[in-house]
Amino acid sequence: MQERYEPAAIEAEAQHYWDQQHSFEAKEDPSRPKYYCLCMFPYPSGRLHMGHVRNYTIGDVLARFMRMNGRNVLQPMGWDAFGLPAENAAMANGVPPAKWTLENIAHMKAQLKSLGYGLDWSRELTTCLPEYYRWNQWLFLRMLEKGIAYLKTGVVNWDPVDKTVLANEQVIDGRGWRTGAMVEKREIPMYYLKITAYAEDLLDALKDMQDWPERVRIMQANWIGRSEGVRLGFPHSVGEGGILHVFTTRADTIMGVTFCAVAAEHPLAIHAAQGNPQLAAFIEECKRGPAVEAELATQEKKGMATGLYVRHPISGEPVPVWVGNYVLMSYGDGAVMGVPAHDERDFEFAKKYRLPIKPVIAVPGRVYSAAAWEPWYSDHGRCVDSGAYDGLEYQAAVDAVARDSSAKGLGEKRTIWRLRDWGISRQRYWGCPIPIIHCKNCGVVPVPDEQLPVVLPVDLVPDGSGNPLLKCAAFLNVKCPKCGADARRETDTMDTFVDSSWYYLRFACADNDHAMLDHRVQYWLPVDQYIGGIEHAILHLLYARFWTRFLKDMGAVSFKEPFARLFTQGMVLNEVFFRKADSGRLQYFNPADVNVTVDKATHRREAMLRSDGKQVESGGVVTMSKSKNNGVDPQVLVDEFGADTARLFMMFAAPPEQTLEWSDEGVQGAFRFIKRLWKAVYEHVSAGPAQRLEKAMLTEAQRALRRHSHQTLAKVADDFGRRRTFNTAIAAVMELLNAVARHPQTGAQDRSIVQEALEIAVMSLSPIIPHAAHALWRELGRRTAMIDETWLQPDEQALQSSTVQMVVQVNGKLRAHITVAVDADEAAIRSTALADANVQKFIGTGAIRKLIVVRGKLLNIVV
RNA sequence: GCGAAUGUGGCGGAAUUGGUAGACGCGCCAGACUUAGGAUCUGGUGGGGCAACCCGUGCGAGUUCGAGUCUCGCCUUUCGCACCA
């Protein structure tokens with residue numbers, strides 16, 4: 001065996017072996033329990049970042065552990081390959097997005113391989129290739145047929161210079177992020193997917209998803225936003241039988257209504273604005289709105305009276321209608337009933353415009369005063385000053401109001417949702433073409449199935465002046481499938497979230513040219529363990545759940561939840577260093593270029609830039625990002641220390657769901673530990689083969705090390721399989737190795753015990769450092785390759801001990817450690833404890849009032 | 001504002017069911033080996049006393065024989081949502 005640990009050679013050898021043996025190619029085998037372990041597939045941005053490495057290492061550790069525990073494991077990988085960055089790179093470099101994307105994929109695939117992940121590359125999929133996205137188009141057509149996909153005019157952010165639609169994140173302070181031009185709100189026709197049809201089921205099913213993190217379930221529930229209340233009608237005289245509809249969860253406050261407020265876009269507002277230029281101007285101002293979404297919540301409430309009145313649905317009294325900038329057209333009916341006494345926003349509004357405030361809810365022990373808002377004003381209570389409803393509690397009052405208004409045809413109970421339908425049209429080139437043809441004679445015509453896929457041209461280079469498909473005659477010009485006349489293709493492409501909404505299904509049958517899915521989906525799905533970042537807690541996971549439900553309704557799959565278990569790993573953080581330029585702008589420096597010195601006495605840290613030796617400021621430890629220039633390139637790490645060190649560090653530095661702080665010293669520590677393990681095995685095998693273990697003839701010290709080995713084995717299996725705390729599993733193996741180092745090796749049986757301990761250590765770490773484990777397993781004389789081994793089970797006999805350490809407390813304070821027989825009764829434990837001199841000292845002359853014995857752990861004497 | 005998480009040595013973190021606080025690692029200190037070490041090995045390392053012992057898990061109360069862990073009230077930091085009627 002080689003004395004030195006040389007990761008480059010060892011890792012190449014192990015990876016070559018797995019390739020040769022096709023170790024990770026998964027085959028359907030109904031006789032074995034399957035385990036589908038999936039990490040969120042990456043966007044091919046060019047290089048792997050540390051977040052990827054953390055994500056995929058967690059997945060690989062679980063996959064390898066499950067495999068060795070008898071599961072038929074599928075761990076596939078693919079590429080979320082459509083999207084905006086490719087277009088930006090194309091503009092910057094003059095290279096078509098397709099070329100840029102495919103080159104990135106090739107590079108990142110090599111990186112993934114160099115990290116030793118046990119991925120089944122035979123199932124690799126790439127969403128920007130027609131073999132994949134043709135099924136987006138096919139399913140979209142099915143959704144059209146079922147009415148789940150539909151065409152509607154929607155409001156978008158329009159950059160007038162780039163002639164393109166911007167995502168909300170691309171609008172900065174009301175201006176386009178590239179051009180700096182003022183963004184306009186434009187109404188254009190878009191395709192929507194009716195996710196709201198599944199809102200109730202998407203929400204209700206969350207209750208049963210106990211293997212998803214609670215916070216993801218809460219975030220989804222809030223996003224879906226179910227709200228139960230009453231839709232009330234306020235009749236008015238605009239138009240024939242006009243009724244202003246409002247939604248409220250507080251129908252019990254109906255008698256406190258002193259005004260109604262409608263959104264600027266509300267038909268009643270627009271009607272009132274005709275012939276009222278002041279109001280029209282105000283509506284325009286509201287429509288523009290604040291640039292930043294968050295300012296919506298804090299901006300001053302403004303309004304203007306329309307001059308119109310509606311009639312109260314219960315009392316019939318006239319109620320003035322106002323336009324309010326705090327009323328959202330997109331929620332409910334775009335109008336609210338104003339109850340200033342019991343709603344903070346209405347209160348603010350009424351105060352400002354001197355509208356009456358009428359309290360109608362009494363809360364016991366509280367006295368209402370309209371002078372200032374108190375948080376309890378919106379609490380539930382009992383109706384007062386409310387005519388027939390006086391004395392009723394919340395639910396009774398809501399029921400009564402719903403009944404009375406409904407009798408007049410002016411009310412009904414209603415559940416409404418925050419969730420909106422999903423607009424998927426993007427006026428972008430680098431995405432999946434929406435399979436629609438526009439014909440002068442026939443209108444909007446879906447592309448017939450037999451003409452799929454609508455292939456996206458791959459040689460276009462966007463120049464920033466709108467969608468290049470609009471200038472691509474070969475793509476644009478087409479014959480109408482219905483009438484044969486000259487027609488034009490739809491140039492909008494699909495939101496890239498469409499691509500990721502079903503890729504996990506396609507991995508089961510990525511090679512099928514004839515169908516989107518086949519019977520193999522039944523075997524592999526649902527995904528047993530899905531692993532990814534919390535940033536996808538809402539959109540991606542919600543869309544995927546929606547698509548699976550649609551496919552189930554189509555009969556294509558038999559389940560509705562695609563991911564049985566979800567794990568969201570924490571972010572990778574690193575310190576940021578910067579200098580403030582004279583202009584006030586911050587210039588960030590990569591931590592690799594900064595030298596940090598620590599004063600030993602004061603713990604004061606000083607950071608300076610290597611290149612000029614001058615000081616830089618530390619901005620604390622934050623998420624690694626391009627903008628903060630605090631990323632560490634995983635490739636550098638792999639080149640210098642090897643994949644195993646990178647993997648070990650990531651798994652050891654923090655529990656997987658928490659944030660992980662980057663530490664160069666920590667990486668060194670991980671490297672050092674592998675070297676120690678290597679050396680321990682080297683020294684052991686250099687002395688020749690170990691003898692057979694004679695379990696019956698061991699000394700107490702030998703039995704103790706053996707017990708330690710098997711306790712470690714049990715703990716590691718629990719940490720991997722149940723707790724998912726890889727950091728504590730690694731710590732346990734480190735402790736075992738420390739015990740091995742301390743163990744005096746005098747006799748042949750010592751070598752046998754150490755052989756066993758080293759085998760257990762190597763196996764325990766094999767999911768984390770698979771390359772080193774692969775080599776060490778062989779060196780320890782095992783003939784089966786590590787990856788094909790079955791996980792060792794702890795020997796019950798080895799775990800047993802005849803004695804146990806107990807702690808003795810006097811009045812709850814630790815005073816002694818005692819060793820007693822495992823089967824000692826309370827009397828024996830008591831007398832051993834009382835015989836201890838230190839225990840006697842603290843009991844002193846006091847009488848023993850109470851004595852608590854926790855078998856095998858502790859004894860507390862209360863004096 | 002609402003919701004969730006979080007707070008433990010110089011640092012990352014451990015303590016799984018209310019039962020030895022600080023495992024394991026980093027850093028630091030001392031020593032060994034060495035021409036040398038930023039390699040390796042050994043020992044030490046929460047604070048105060050340097051002994052017995054006392055004090056210590058964000059702050060304040062409480063429950064308990066016993067609280068990092070449970071209850072109540074505050075505070076910090078982070079994340080998510082944010083005029084949702």
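Below, each value reflects all heavy atoms present in this structure, side chains not excepted, and no hydrogens, waters or symmetry copies. Chain identifiers are assigned alphabetically (A, B, ...) following the order of the sequence lines, protein sequences preceding nucleic acid strands; residue numbering begins at 1 within each chain.
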**Spacing of A/Leu737 atom CG relative to B/U40 atom P, expressed in whole Å** = 15 Å

**Message:** Counting the atoms with a prime plus P, OP1 and OP2 as sugar-phosphate, which does A/Asn738 contact under 4.0 Å by heavy atoms, base, sugar-phosphate, or nothing?
**Reply:** sugar-phosphate

**Request:** State which residue, out of A/Asp718, A/Thr712, A/Asp719, fulfils the side chain to side chain donor-acceptor pair (under 3.5 Å) condition with A/Lys715.
**Result:** A/Asp719

**Asked** Dot-bracket, RNA chain B: Watson-Crick or G-U, under 3.5 angstrom, [ ] crossing, | other strand?
**Response** (((((.(..(((......[....)))((((((.......))))))(((....)))..(((((..]....)))))).)))))....

**salt bridge (charged side-chain N to carboxylate O under 4.0 Å, His left out) contacts in which one or both residues fall within residues 321-347 of chain A, not counting sequence neighbours** = A/Arg231-A/Asp333, A/Asp343-A/Arg345

**Message:** Can you list everything that forms a side chain to side chain donor-acceptor pair (under 3.5 Å) with A/Arg849? Sequence neighbours excluded, please.
**Reply:** none

**Item:** Distance between P atoms of B/A21 and B/C54 (Å, rounded)
**Value:** 12 Å

**Message:** Would you measure the distance from the P atom in B/G22 across to the matching atom in B/U71 and give it in whole Å?
**Reply:** 25 Å

**Request:** Choose from B/A85, B/G19, B/U40 the nucleotide whose nearest atom is closest to any side-chain atom of A/Ser227.
**Result:** B/A85

**Message:** What's A/Arg418 touching, base or sugar-phosphate or nothing? Going by heavy atoms closer than 4.0 Å.
**Reply:** base

**Prompt:** A/Asp343 near the nucleic acid: base, sugar-phosphate alone, or nothing, with a heavy-atom cut-off under 4.0 Å?
**Reply:** nothing

**Asked** What nucleotide among B/U40, B/A85, B/A4 has an atom nearest to a side-chain atom of A/Val336?
**Response** B/A85

**Request:** Whole angstrom is fine here: how far is it from CD in A/Gln668 over to P in B/A39?
**Result:** 8 Å

**Fill in**
For A/Thr659, the side chain to side chain donor-acceptor pair (under 3.5 Å) test, sequence neighbours excluded, returns none

**Item:** Atom-pair distance (CE on A/Met219; P on B/A82), nearest Å
**Value:** 10 Å

**Request:** Report the distance from atom CD1 of A/Ile768 to atom C1' of B/G25, rounded to the nearest whole Å.
**Result:** 14 Å

**Request:** Report the residues that fulfil side-chain contact (heavy atoms from CB on, under 4.5 Å) with A/Leu834, sequence neighbours left out, ordered by chain and then residue number.
**Result:** A/Arg830, A/Gln840, A/Ile843, A/Ile848, A/Ile861

**Message:** List the residues meeting side-chain contact (heavy atoms from CB on, under 4.5 Å) with A/Lys857, not counting sequence neighbours, and say none if there are none.
**Reply:** A/Val854

**Request:** Fit a plane to each ring of A/Tyr331 and A/Phe247, take the angle between them on a 0 to 90° scale, and name the class: parallel (under 30°), tilted (30 to 60°) or perpendicular (over 60°).
**Result:** perpendicular

**Prompt:** Any idea which heavy atoms bring A/Phe347 and A/Ala372 closest together, and the distance?
**Reply:** CZ-C, 3.7 Å

**Message:** Does A/Gln809 reach a base, just sugar-phosphate, or nothing at all? Heavy atoms under 4.0 Å.
**Reply:** base

**Item:** A/Ile852 side chain, from C-beta outward: closest of B/U20, B/G27, B/G19
**Value:** B/G19

**Request:** Return the set of residues passing side-chain contact (heavy atoms from CB on, under 4.5 Å) with A/Ser627 (not counting sequence neighbours), or none when no residue passes.
**Result:** A/Ser625

**Message:** Taking the C1' atom in each of B/U34 and B/U69, what is the distance between them to the nearest angstrom?
**Reply:** 50 Å

**Asked** How is A/Arg676 classified with respect to the nucleic acid when contacts are heavy atoms under 4.0 Å: base, sugar-phosphate, or nothing?
**Response** sugar-phosphate

**Fill in**
Separation of B/G66 atom P from A/Asn860 atom CG, nearest Å, is 8 Å

**Asked** With a 4.0 Å cut-off on heavy atoms, is A/Val339 in touch with a base, just the backbone sugar-phosphate, or nothing at all?
**Response** nothing

**Item:** Same-atom distance (P) from B/U77 to B/C26, integer angstrom
**Value:** 32 Å

Enumerate, atom names and distances included, each donor-acceptor pair closer than 3.5 Å involving a side-chain atom of residues 248-268 of chain A, sequence neighbours excluded.
{"residue": "A/Thr248", "atom": "OG1", "partner": "A/Arg250", "partner atom": "N", "Å": "2.8"}
{"residue": "A/Arg250", "atom": "NE", "partner": "A/Asp252", "partner atom": "OD1", "Å": "3.0"}
{"residue": "A/Arg250", "atom": "NH1", "partner": "A/Ser378", "partner atom": "O", "Å": "2.9"}
{"residue": "A/Arg250", "atom": "NH2", "partner": "A/Asp252", "partner atom": "OD2", "Å": "3.1"}
{"residue": "A/Thr253", "atom": "OG1", "partner": "A/Arg250", "partner atom": "O", "Å": "2.7"}
{"residue": "A/Thr258", "atom": "OG1", "partner": "A/Pro356", "partner atom": "O", "Å": "2.9"}
{"residue": "A/His266", "atom": "ND1", "partner": "A/Leu268", "partner atom": "N", "Å": "3.1"}

**Asked** Within less than 4.0 Å of OP1 or OP2 of B/C26, is there a side-chain N or O belonging to A/Arg672?
**Response** yes

**Per A/Lys679 side chain, nearest of listed nucleotides B/G19, B/U40, B/A85** = B/U40

**Request:** Tell me what A/Val807 touches on the nucleic acid: a base, only sugar-phosphate, or nothing, going by heavy atoms under 4.0 Å.
**Result:** base

**Asked** What interatomic distance, in whole Å, is found between P of B/C59 and the corresponding atom of B/C11?
**Response** 15 Å

**Request:** Assign each of A/Val327 and A/Ser663 to its nearest nucleotide of RNA chain B by heavy atoms, then name whichever residue's nucleotide is nearer the 5' end.
**Result:** A/Ser663

**Asked** On a whole-Å scale, what distance lies between the C1' atoms belonging to B/G68 and B/U6?
**Response** 14 Å

**Request:** Spell out protein contact along nucleotides 46-55 of chain B as letters: B when the base is contacted, S when just the sugar-phosphate is, - when no protein heavy atom is under 4.0 Å; keep the 5' to 3' order.
**Result:** ------SSSS

**Asked** B/G3 P sits how many Å from A/Arg217 CZ, rounded?
**Response** 18 Å

**Complete:** With sequence neighbours left out, the residues meeting salt bridge (charged side-chain N to carboxylate O under 4.0 Å, His left out) with A/Glu3 are none

**Request:** Provide the distance between the two C1' atoms, one in B/C84 and one in B/C74, to the nearest whole Å.
**Result:** 31 Å

**Charged N-O contact under 4.0 Å between A/Lys302 and A/Glu285** = yes

**Fill in**
Quick tally for nucleotides 11-16 of chain B: nucleotides whose base has a protein heavy atom under 4.0 Å get B, sugar-phosphate-only ones S, the rest -, giving -SSSSB

**Asked** Counting any heavy atom closer than 4.0 Å, what does A/Leu858 reach on the DNA or RNA strands: base, sugar-phosphate only, or nothing?
**Response** base

**Request:** Specify whether A/Trp322 and A/Phe349 have parallel, tilted or perpendicular ring planes, treating 30° as the upper limit for parallel and 60° as the lower limit for perpendicular.
**Result:** perpendicular

**Message:** Is the phosphate of B/C83 approached by A/Lys301 (side-chain N or O, under 4.0 Å from OP1 or OP2)?
**Reply:** no

**Message:** Of the options B/C81, B/G3, B/U40, whose atoms approach the side-chain atoms of A/Trp223 most closely?
**Reply:** B/C81

**Request:** Give the rounded distance in Å between these two atoms: NE2 of A/His536 and P of B/C79.
**Result:** 18 Å

**Fill in**
Side-chain atoms of A/Tyr331 come closest, of B/A85, B/G27, B/A4, to B/A85

**Asked** With sequence neighbours left out, which residue pairs that include part of residues 714-736 of chain A fulfil the ring-ring contact (aromatic ring centres under 6.0 Å, His included) condition?
**Response** A/Phe65-A/Phe720, A/Phe720-A/Phe726

**Message:** Assuming nearest nucleotide by heavy-atom distance, tell me which of A/Met571 and A/Arg250 is located more 5' along RNA chain B.
**Reply:** A/Met571

**Message:** Between A/Glu826 and A/Arg855, does any side-chain N to carboxylate O distance fall below 4.0 Å?
**Reply:** no

**Request:** With P as the reference atom in both, quote the distance from B/G12 to B/G27 in angstrom, rounded to an integer.
**Result:** 15 Å

**Atom-pair distance (CD on A/Glu348; P on B/A85), nearest Å** = 17 Å

**Asked** Which label fits B/G9, syn or anti, where anti is any glycosidic angle not within 90° of 0?
**Response** syn

